Protein chains: 2
Amino acid sequence: MAVSLQDVADAAGVSIATASRALGSKGRVSEATMRLVRETADRLGYQVNVLGKALREGSDGVVGIVVPMVSNPFYASLVHEFEDQLAAFNLKLLIADSHGELDREIERLEALASRRVKGIFVVPAYFDRSRPTIVDVAQRLPVVQVDRRVEDDADLSFVGVDNAAGIDQVLRHVSGQGAETVAFVGADNRTSVGRERRQAFAASAKRLGLTVQKPVIDRYLFEFGLSAASQLMRRSKLPDAVIAGDDLIATGLLAGFVRQGRSVPEDVMITGFDGTILADICSPTLTTAQQPMAKIAEVAVNQLMRQIDDATAAGSHTRLRTTLRQGGSTGRQPLAEASHGVTSGSRQPRG
Amino acid sequence: MAVSLQDVADAAGVSIATASRALGSKGRVSEATMRLVRETADRLGYQVNVLGKALREGSDGVVGIVVPMVSNPFYASLVHEFEDQLAAFNLKLLIADSHGELDREIERLEALASRRVKGIFVVPAYFDRSRPTIVDVAQRLPVVQVDRRVEDDADLSFVGVDNAAGIDQVLRHVSGQGAETVAFVGADNRTSVGRERRQAFAASAKRLGLTVQKPVIDRYLFEFGLSAASQLMRRSKLPDAVIAGDDLIATGLLAGFVRQGRSVPEDVMITGFDGTILADICSPTLTTAQQPMAKIAEVAVNQLMRQIDDATAAGSHTRLRTTLRQGGSTGRQPLAEASHGVTSGSRQPRG
DNA sequence: CTGAAAGCGCTTACAG
DNA sequence: CTGAAAGCGCTTACAG
């Protein structure tokens with residue numbers, strides 16, 4: 001078996017208490033014993049058993065995150081940034097995938113709670129149905145909602161972007177590019193993000209005096225964008241610009257139009273939302289509302305730490321700003337030089 | 001504080017031992033006590049403290065995975081599949097990101113080992129330099145290498161694809177499409193995958209009687225593909241087909257060529273490797289060697305379970321097959337209908 | 001500065 | 001079937 005603290009203490013000829021102190025930072029130990037114990041520990045290859053330590057201290061250094069689907073590039077980037085930020089606090093990240101399904105989400109949240117993680121980040125699957133479990137879990141341990149929120153969440157924390165402002169950015173942009181008729185292709189009211197972006201589109205288009213076509217609504221899937229393109233092409237007139245609910249839908253729309261012989265942006269402009277690597281990869285590149293992934297993770301982690309340190313800390317809601325990331329899908333073809341990894345959030349090594 | 005087993009036992013008027021038996025599945029308890037205890041537990045909202053259980057049993061239900069970068073779509077999909085497979089065994093997944101850096105990889109592996117996870121999946125950052133730590137950790141707990149391996153790993157387990165066969169598939173395909181001159185754009189010898197695909201290219205091209213241009217070698221990055229396209233265009237003659245080391249490089253090449261006015265596949269064919277969502281999103285869509293992500297996860301998880309159940313289980317090496325996934329980048333434009341989510345590994349909800 | 005002891009929450013032989 | 005007790009590995013008041 002692995003060597004325990006007791007083994008080290010025995011080998012060093014001190015008590016387990018002294019060994020613990022010598023290895024930890026708390027409590028005073030003489031220089032000599034400290035050196036002795038540490039050397040012995042090294043020699044024996046001792047590694048603290050986090051489980052024992054965790055039981056004693058009430059929790060281990062683990063934080064959980066529940067996302068709808070890790071394989072979605074947006075959430076993959078987010079997870080990446082969270083892992084990074086948490087490492088600075090010496091915290092590990094337990095990942096759970098809800099598949100966007102309520103049952104799985106509940107199961108995952110309960111599992112994380114019962115293993116006494118220090119806290120949980122959650123991207124709620126539903127605006128309404130996800131609420132009960134999240135509220136329940138939040139009473140037992142620190143919880144911070146990320147990207148999406150549930151209804152009546154004044155007591156809960158949340159970190160995400162200002163979706164209304166983001167939609168307004170892309171809409172203003174296409175308007176400036178000459179678009180007069182616009183259509184929204186996005187997701188349903190199941191999630192807060194779906195609601196917010198859809199409502200923002202209606203409000204913002206009105207404000208800008210744009211003519212609005214009937215929206216096409218379903219889910220955040222590449223395949224949906226593809227079929228939405230077909231639906232739009234069956235209409236008597238294609239809008240000048242299509243505002244997509246996220247990059248996945250936008251790239252689906254792009255592929256759909258191009259495959260059926262339409263040109264983007266000449267026949268129709270397209271914008272996305274999120275600023276994932278997908279926006280770089282399609283051609284033309286995608287104009288999109290860039291989310292500050294690293295910043296979201298940073299703010300969320302800091303908020304969680306606050307709640308961990310102070311269980312009575314009030315919930316806080318933070319809305320960060322998206323930035324307009326221009327691509328070829330709305331007219332301006334980027335120079336080949338200018339596009340070298342300038343805007344994309346994180347690099348993507350893999351070898 | 002949370003309610004403990006002791007609280008439940010007290011409330012039910014039984015000993016903690018009986019309470020434990022009533023709630024667990026081991027040991028015999030009378031129907032009546034069992035019902036009583038369970039009702040009491042429910043009433044009090046009791047949830048087992050996994051930490052106490054873990055300390056007693058030597059390990060908690062957590063498995064770790066160390067990947068070079070979660071935000072790479074290939075690894076994001078892999079993580080997704082692993083999370084799925086592990087859920088069937090009631091195991092949680094702790095995710096660690098090495099950034100492809102040795103120091104971070106070592107740090108993450110040691111951290112996972114010291115917290116007594118049940119086992120570790122690792123995608124080694126280096127073919128040579130990653131070996132010592134992985135071998136060391138593998139002596140302490142079950143380890144399965146995924147996607148990439150280290151040198152001299154006869155004792156270690158590995159699950160990945162047959163890279164030579166995969167490269168041969170795409171090469172045969174472009175040859176069948178009329179390509180005579182080909183070039184490889186891939187990654188260096190730092191990783192096993194980099195080595196294998198590069199060598200496979202040379203061997204396979206020779207076998208097929210193709211003329212080979214000097215390869216361009218760097219890292220698995222979209223940006224590298226972009227610059228590699230520029231490099232290739234500076235040559236006196238563009239090859240008929242460029243075989244990329246992965247989808248990221250392939251999409252970079254594609255974007256690079258298109259931005260500089262070349263047509264794909266008319267001027268040059270391109271193939272990728274992995275079969276990520278990226279292959280669907282670019283246009284033309286990418287012909288690529290599709291990795292069976294779900295199968296990789298399944299085999300790897302089963303192997304790890306075997307090693308967990310039997311510490312003396314021999315290491316096993318499994319090479320799965322890639323399948324040729326045809327896209328427009330090598331000539332055949334897919335029909336719009338045919339492309340509705342047919343080949344892409346997993347769907348990508350997000351809302 | 002150092003040691004003996006308690007206790008975090010749980011499970012499982014060991015008796016009865 | 002049920003209970004008392006030991007022990008997983010650790011840290012930290014409490015004495016000395």
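Treat the numbers as computed from the prediction; the structure is a model and nothing was measured. Throughout, a chain's letter reflects where its sequence line sits, starting with A, and its residues are numbered from 1.
As rounded to whole Å, 10 Å separates atom P of D/dG9 from atom OH of A/Tyr46. Rounded to an integer number of Å, the gap from B/Glu57 CD to D/dG9 C1' is 15 Å. Atom CG in A/Asn49 sits about 8 Å away from atom C1' in D/dC8, given to the nearest Å. With rounding to whole Å, A/Gln6 atom CD is found 12 Å from C/dA4 atom C1'. The CG atom of B/Asp7 sits 13 Å away from the C1' atom of C/dC8 (whole-angstrom rounding). To the nearest angstrom, P of D/dG3 lies 12 Å from CG of B/Asp10. Nucleotide C/dT2 holds its C1' atom 16 Å from the CG atom of A/Leu23, rounded to whole Å.
In this structure, C/dA4 makes no Watson-Crick or G-U wobble pair, since no nucleotide meets both defining distances under 3.5 angstrom. Remark: C/dA13 base-pairs with no nucleotide in the shown strands. Criterion, Watson-Crick or G-U wobble with two distances under 3.5 Å.
Residue A/Leu5 is in base contact, counting any heavy-atom pair closer than 4.0 Å across all strands shown. Within the 4.0 angstrom heavy-atom criterion, no nucleotide atom of any strand lies near B/Val50. B/Ser4 comes within 4.0 angstrom of sugar-phosphate atoms only, judged by non-hydrogen atoms across all strands, and of no base. At a threshold of 4.0 angstrom between heavy atoms, the contacts of B/Leu55 include nucleobase atoms, whether or not backbone atoms are also involved.
At the phosphate of D/dT2, neither OP1 nor OP2 sits under 4.0 Å from any side-chain N or O atom of B/Ser15. Residue B/Ser20 has no polar side-chain atom (N or O) positioned under 4.0 Å from OP1 or OP2 of C/dT12.
Residues A/Ser30 and A/Ile16 each lie close to DNA chain C; by heavy-atom proximity, the contact nearer the 5' end of the strand is made by A/Ser30. The nearest heavy atom of DNA chain D to B/Glu31 and to B/Gly52 marks one nucleotide each, and the one closer to the 5' end goes with B/Glu31.
A salt bridge is defined here as a Lys NZ or Arg NE, NH1 or NH2 lying under 4.0 Å from an Asp or Glu carboxylate O, and A/Arg108 with B/Glu83 meets this definition. Using a 4.0 Å cut-off between a side-chain N of Lys or Arg and a carboxylate O of Asp or Glu, A/Glu110 and A/Arg140 qualify as a salt bridge. Between A/Arg43 and A/Glu39, none of the side-chain N atoms (NZ, or NE/NH1/NH2) sits under 4.0 Å from a carboxylate O, so this pair counts as no salt bridge.
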Pick out the pairs of N or O atoms, protein on one side and nucleotides 13-16 of chain C on the other, that lie under 3.5 Å.
| from | atom 1 | to | atom 2 | distance (Å) |
| --- | --- | --- | --- | --- |
| C/dA13 | N6 | B/Arg21 | NH2 | 2.8 |

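A donor-acceptor pair shorter than 3.5 Å can be found between the side chains of B/Asp147 and B/Tyr75. A side-chain N or O of B/Glu105 and one of B/Ser130 form a donor-acceptor pair less than 3.5 Å apart. A donor-acceptor contact under 3.5 angstrom links the side chains of A/His99 and B/Asp84, judged on distance only.
A side chain to side chain donor-acceptor pair (under 3.5 Å) with A/Ser157 is found for exactly one of A/Gln303, A/Arg149, A/Gln145, A/His317, namely A/Gln303.
Residues B/Ala125 and B/Ser98 approach most closely at CB-OG, 4.5 Å, considering heavy atoms.
Nucleotides D/dT12 and D/dG16 are separated by 16 Å at their C1' atoms, to the nearest Å.
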